[in-house]
Amino acid sequence: MNEKILKIINQEFEDSEIELVINELKSITLKHVMAESEINLNNTRMSILKLAKGNLKEVINLTKSAKIDFRDVIMWATQLKQ
């Protein structure tokens, strides 16, 4: 898990949720993304955080979706208005 992702987690989630969020995101592995690419893995995790907006239940739901097709989560995040 890279430092940028950890920083976002620490900023957006309650202390009691941080470990749960990290574990949830770690459950998405290279086998879940195309070409077993670190870039795809990091993009997927960042997209989940962007979409979840500090909501643990959303992290869990989005992680499930990412394990089915990680591209959906990335697409949803790119369509989100800034």
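Heads up: numbering here begins at 1 and tracks the sequence.
- Closest approach of Lys50 and Lys53 over heavy atoms only: O-CG, 3.4 Å.
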Using the rule given for side chain to side chain contact (heavy atoms under 4.5 Å, CB included), can you reason through Gln79 versus Met75, listing the C-alpha separation, both sets of side-chain angles and the distance that settles it, and then say yes or no? CA-CA 6 Å; Gln79 292 176 340; Met75 181 186 68; 3.8 Å; yes
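- Between the side chain of Asn40 and the main chain of Met34, a donor-acceptor pair closer than 3.5 Å is present.
- Residue Leu25 holds its CG atom at 5.5 Å from CD1 of Ile28, rounded to the nearest 0.5 Å.
- Sorted by first and then second residue, the salt bridge (Lys or Arg N to Asp or Glu O under 4.0 Å) pairs involving residues 67-77 (not counting sequence neighbours) are Asp69-Arg71.
- Inter-residue side-chain proximity for Gln11 and Lys7 is flagged as met; some heavy-atom pair is nearer than 4.5 Å.
- In this structure, Thr44 OG1 and Ile74 CD1 are separated by 3.5 Å, a value rounded to the nearest 0.5 Å.
- Taking OG1 of Thr63 as the reference point, atom CD1 of Ile68 lies at 11.5 Å (rounded to 0.5 Å).
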Given Ile9 and Lys4, is the side chain to side chain contact (heavy atoms under 4.5 Å, CB included) satisfied, shown in steps? CA-CA 9 Å; Ile9 292 169; Lys4 186 175 181 181; over 6 Å; no
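- The shortest distance between side-chain heavy atoms of Asn43 and Phe70 does not fall below 4.5 Å.
- The side chain to side chain contact (heavy atoms under 4.5 Å, CB included) search around Lys64 returns Ile60, not counting sequence neighbours.
- Considering only heavy atoms from C-beta on, Ile8 comes within 4.5 Å of Met46 through its side chain.
- Checked by atom type and distance alone, the side chain of Arg45 never pairs as donor or acceptor with a backbone atom of Asn2 at under 3.5 Å.
- Side-chain contact between Trp76 and Ile48 is absent, with no heavy-atom pair separated by less than 4.5 Å.
- Residue Asp15 places its CG atom among 12 or fewer non-hydrogen atoms of other residues, nucleotides or ligands, all under 6.0 Å distant.
- For the residue pair Ile22 and Met1, the shortest heavy atom distance occurs at O-CE, 3.7 Å.
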